[in-house]
Protein chains: 2
Amino acid sequence: MQVRPLVHPKIEDVTVEGILHALSDPVRAAIFVEIAQGDCAKKCSEFLSIHERQIPKSTLSQHFKILREAGLIHSERNGVEMRNRTRCKELQKRFPGLVKAILNAHRIQQEGR
Amino acid sequence: MQVRPLVHPKIEDVTVEGILHALSDPVRAAIFVEIAQGDCAKKCSEFLSIHERQIPKSTLSQHFKILREAGLIHSERNGVEMRNRTRCKELQKRFPGLVKAILNAHRIQQEGR
DNA sequence: TTCAATAGTTCATAAGTTCCGAACAAAGGA
DNA sequence: TCCTTTGTTCGGAACTTATGAACTATTGAA
């Protein structure tokens, strides 16, 4: 086994399909919402438990990979852990209003429970 | 075999996940864009060919089912064919700006080709 | 009323994707 | 060096999606 380098697409290669697919999963959407809300980068292991659900770490690792390769987050290895932050500013330039509308819709849906 | 009645969720049961999943497929996104643009209801068979691609009709039928059950379109049997229109107005009330931002993002992506 | 044509659905299965435990890698500290 | 922590990779099971063949349902013509 060998650990491959992290893949971050160039902003012009980011697709709507990729973004929608990544955020159509409730766990990934919840992770992204949390990363977007916090003002400092989050590490992966903070999400081993989310919304009263335990996520195995191999699954979590895949979720981060999908968010990263969709262009939604930027991940950086920092010693033994990983710092994740959103690419909202770049995304806002490429697809104005998209990420904001999705986050807003998720908030509306949460509130109606 | 038996043909089951069409399922249209109540607008309050429509989820962001469902919408994003439905529109994360390029064929479904293209179908939805076309239905949204036209000012009259479209029938399914108009999409047997889309973006230079031939879609088998069983596949097309599944795509319409997914769009319908995600709450994105309303389908009505009209004689031998089906009339499909979007539920944009209701969706705009439930998740303001969401559908518009997605359609806009798809347009931006199309233009950059 | 019977037949054929048209539009779309269902079913079975093949192909593809996702989930998750076990083994691994990489970095830091004792 | 060895242990701990954090995250990745691998492989198989579980789930989802795509598609051809067979079907239903409606219409119109003979």
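Proteins come first, then strands; the chains are lettered A, B, ... in the order of their sequence lines, and each starts at number 1. The structure presented is a predicted model; accordingly, all values stated were derived computationally and were not measured.
In this structure, CG of B:L67 is placed 16 Å from C1' of C:dT9, rounded to the nearest angstrom. Atoms CD (B:E69) and C1' (D:dT17) sit 15 Å apart, rounded to a whole Å. For the pair A:E17 CD and C:dT17 C1', the interatomic distance rounds to 17 Å; values are reported in whole Å. Here D:dT19 presents its P atom at 7 Å from CZ of B:R53, a figure rounded to the nearest Å. Between the P atom of C:dT6 and the CD atom of B:E46 lies a distance of 17 Å, rounded to the nearest Å. With rounding to whole Å, B:I55 atom CD1 is found 11 Å from D:dG20 atom P. We find that NE2 of A:H63 is positioned 15 Å from P of D:dG7, with the value rounded to whole Å.
Scanning residues 21-36 of chain A for heavy-atom distances under 4.0 Å to DNA chain C yields A:H21, A:D25.
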Quick one: which protein N/O atoms are closer than 3.5 Å to N/O atoms of nucleotides 8-14 of chain D? Pair and distance per line, please.
from   : atom 1 : to    : atom 2 : distance (Å)
D:dT8  : OP2    : A:S61 : OG     : 2.4
D:dT8  : O5'    : A:S61 : OG     : 3.4
D:dT9  : OP1    : A:R4  : N      : 2.8
D:dC10 : OP2    : A:R4  : NH2    : 3.1

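Annotation: side chain of B:C44 is in contact with side chain of B:N84 (closest heavy-atom distance under 4.5 Å). For the pair B:M82 and B:F64, the minimum side-chain heavy-atom distance is 4.5 Å or more. Residues B:I31 and B:K42 form no side-chain contact, since every pair of their non-hydrogen atoms from C-beta on lies 4.5 Å or further apart. At a threshold of 4.5 Å between non-hydrogen side-chain atoms, the residues B:L67 and B:T86 do not count as touching.
B:V80 forms part of no hydrophobic cluster, judged by ILVMFWY side-chain heavy-atom separations under 4.5 Å.
For B:H8 and B:H74, the distance between ring centers is under 6.0 angstrom.
Residue pairs that meet the side chain to side chain donor-acceptor pair (under 3.5 Å) test with at least one member in residues 58-71 of chain A, sequence neighbours left out, are A:R28-A:H63, A:R68-A:S75. The stretch residues 90-106 of chain B participates, sequence neighbours left out, in these side chain to side chain donor-acceptor pair (under 3.5 Å) pairs: B:R87-B:E90, B:N104-B:R107.
A:L6 and A:L72 are members of different hydrophobic clusters when ILVMFWY side chains are connected at heavy-atom separations under 4.5 Å.
One end of the helix from C:dT1-D:dA30 to C:dA30-D:dT1 points its axis 0° away from the other end's axis, with each axis taken from 5 pairs and the angle rounded to 10°.
Comparing atom distances between the A:E81 side chain and each of C:dA7, C:dG21, D:dT6 picks out D:dT6 as nearest.
Using a cut-off of 4.0 Å between Lys/Arg side-chain N and Asp/Glu carboxylate O, B:K43 and B:E81 are scored as salt-bridged.
The OG1 atom of A:T15 sits 8.0 Å away from atom CG of A:L20, with the distance rounded to the nearest 0.5 Å.
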